[in-house]
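Any value given below was found using the heavy atoms of this structure, including those in side chains, with hydrogens, waters and symmetry copies removed.
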Amino acid sequence: EAIEALEALAAEGHLDPAARVRLARMHTTLGNEDRAIELLEQALAERSDLYEGKNDLAFLLTRRRVDLDRAVELAQEARAALPDSPDVADTLGFAYLEKGLPQAALPQLQEAAELAEARGQNDPSILYHLARALKALERNEEAASALEDSLAVEGDFPGVPREDARRELQALRTAEAAKGDSS
């Protein structure tokens, strides 16, 4: 009902940019990413100071692996404006990771995990992204530990089925065991 009411206001041109960002988040939650991207683009065209909207758009572009240069740029702008946000640090790290820059991703993701933990919000997706960066840097023991931590957190695991994370953890453990047997 809330989405329908906000969409009606948007259709009439009576929805301000900040409200469009909120509506985009609702659509993202429901899996309507195309509409979310459209709303975020509209909102940012009108107001370039909506840093949470920039972060949300950067995340969606990164998740889709499209226009990664723009995703990084949007995430960098959001990170500069919102330095204490674990979600924004995670988005920038995730964008760097998808762009093939795990060395740049790692400090962002480490800080995202620290910021989330300081707030009592251990986010499984932040820890998963951290594990991926560590794995890309061949720091497999640390990656396995981060994956274990991510799987221990209750709650959503956006974009990645828990079973996939469990398989990745098992593959890391198997690779480390094989490495240990060969030395």
Report yes or no: do Val66 and Leu97 belong to one cluster of Ile/Leu/Val/Met/Phe/Trp/Tyr joined by side chain heavy-atom distances under 4.5 Å? no

How about Glu138: does its CD atom have over 12 heavy atoms from other parts shown lying under 6.0 Å from it? no

Hydrophobic cluster membership, with links at side-chain heavy-atom distances under 4.5 Å among I/L/V/M/F/W/Y: are Leu44 and Ile37 in one? yes

Can you get from Tyr128 to Leu151 by hopping between Ile, Leu, Val, Met, Phe, Trp and Tyr side chains that sit under 4.5 Å apart? yes

Let me confirm one number: the CD-CG distance from Glu1 to Leu6, rounded to the nearest 0.5 Å. 12.0 Å

Membership question, hydrophobic clusters at under 4.5 Å side-chain separation (ILVMFWY): are Leu15 and Val21 in the same one? no

Taking all heavy atoms of Ala78 and all of Tyr51, pick out the closest pair and write down the distance. CB-O, 3.5 Å

Quick check for you: to the nearest 0.5 Å, what is the distance between Glu111 atom CD and Leu115 atom CG? 5.0 Å

Counting neighbours of CD on Glu117 that are heavy atoms of other residues, nucleotides or ligands and sit closer than 6.0 Å, is the number greater than 12? no

Heavy atoms, side chains only, cut-off 4.5 Å: are Leu130 and Asp149 in contact? no

Please lay out, stage by stage, how Asp90 and Arg79 fare under the test salt bridge (charged side-chain N to carboxylate O under 4.0 Å, His left out). CA-CA 9 Å; Asp90 175 56; Arg79 182 84 167 107; over 6 Å; no

Nearest 0.5 Å please: distance from the CG atom of Leu57 over to the OG1 atom of Thr91. 10.5 Å

Just how far is it from atom CD of Glu33 to atom NE2 of His27, taken to the nearest 0.5 Å? 12.5 Å

What heavy-atom pair brings Arg47 and Asp49 nearest, and what distance separates the two atoms? NE-OD1, 2.9 Å

Which heavy-atom pair separates Ala24 from Ala36 by the least distance, and what is that distance? O-CB, 3.4 Å

Shared hydrophobic cluster for Leu92 and Leu101 (ILVMFWY, side-chain gaps under 4.5 Å): yes

Determine the minimum heavy-atom distance between Ala131 and Leu147, stating which atoms define it. CB-CG, 3.6 Å

With Asn55, which of Leu60, Val88, Leu74, Leu82 fulfils side chain to side chain contact (heavy atoms under 4.5 Å, CB included)? Val88

List the atom of Val153, the atom of Arg162, and the distance in Å for their closest heavy-atom pair. O-NH2, 2.5 Å

Run the side chain to side chain contact (heavy atoms under 4.5 Å, CB included) test on Thr28 and Arg63 for me, step by step, so that the C-alpha distance in whole Å, both residues' side-chain angles and the decisive distance to 0.1 Å come before the verdict. CA-CA 12 Å; Thr28 298; Arg63 186 157 69 187; 4.2 Å; yes

For the CD atom on Glu52, are there more than 12 heavy atoms of other groups (residues, nucleotides or ligands in this structure) within a distance under 6.0 Å? no

Take Leu39 and Glu7 through the side chain to side chain contact (heavy atoms under 4.5 Å, CB included) test and state the conclusion after the steps. CA-CA 10 Å; Leu39 288 162; Glu7 283 290 357; 4.2 Å; yes

Can you pull the ring pair (Phe, Tyr, Trp, His ring centres under 6.0 Å) pairs that have at least one residue in residues 85-113, sequence neighbours excluded? Phe59-Phe94, Phe94-His129

State, without any angle test, whether Asp123 and Ser125 hold a side-chain donor-acceptor pair at a distance under 3.5 Å. yes

Pairwise ring pair (Phe, Tyr, Trp, His ring centres under 6.0 Å) hits with a residue in residues 103-126, at least two apart: none

Taking Glu41 as the fixed residue, which of Arg35, Arg20, Arg70, Lys54 is the one that meets the salt bridge (Lys or Arg N to Asp or Glu O under 4.0 Å) rule? Arg70

Could you give the distance from CD (Glu142) to CG (Leu172), rounded to the nearest 0.5 Å? 11.5 Å

Given side chain to side chain contact (heavy atoms under 4.5 Å, CB included), test Arg64 with Asp34 step by step and report yes or no. CA-CA 11 Å; Arg64 289 178 164 212; Asp34 289 337; 2.6 Å; yes

Glu148 and Arg173 ion-paired at < 4.0 Å: yes

Would you sort out whether Leu61 and Leu68 count as a side chain to side chain contact (heavy atoms under 4.5 Å, CB included), showing the intermediate values? CA-CA 7 Å; Leu61 293 173; Leu68 290 175; 6.0 Å; no

Over all atoms of both residues, closest heavy-atom pair of Pro102 and Ala133: CB-O, 4.1 Å

Any chance CD of Glu176 has more than 12 other-residue heavy atoms, nucleotides or ligands included, within less than 6.0 Å? yes

Taking only residues two or more places apart in sequence, or in another chain, which ones meet Arg22 in a side-chain hydrogen bond (donor to acceptor under 3.5 Å, both in side chains)? none

From CA spacing to verdict: salt bridge (charged side-chain N to carboxylate O under 4.0 Å, His left out), Glu114, Arg119: CA-CA 9 Å; Glu114 291 167 8; Arg119 293 180 177 191; over 6 Å; no

Is the CD atom of Glu4 crowded by more than 12 outside heavy atoms at less than 6.0 Å? no

If you measure from CG on Leu50 to CG on Asp16, what distance do you get to the nearest 0.5 Å? 8.5 Å

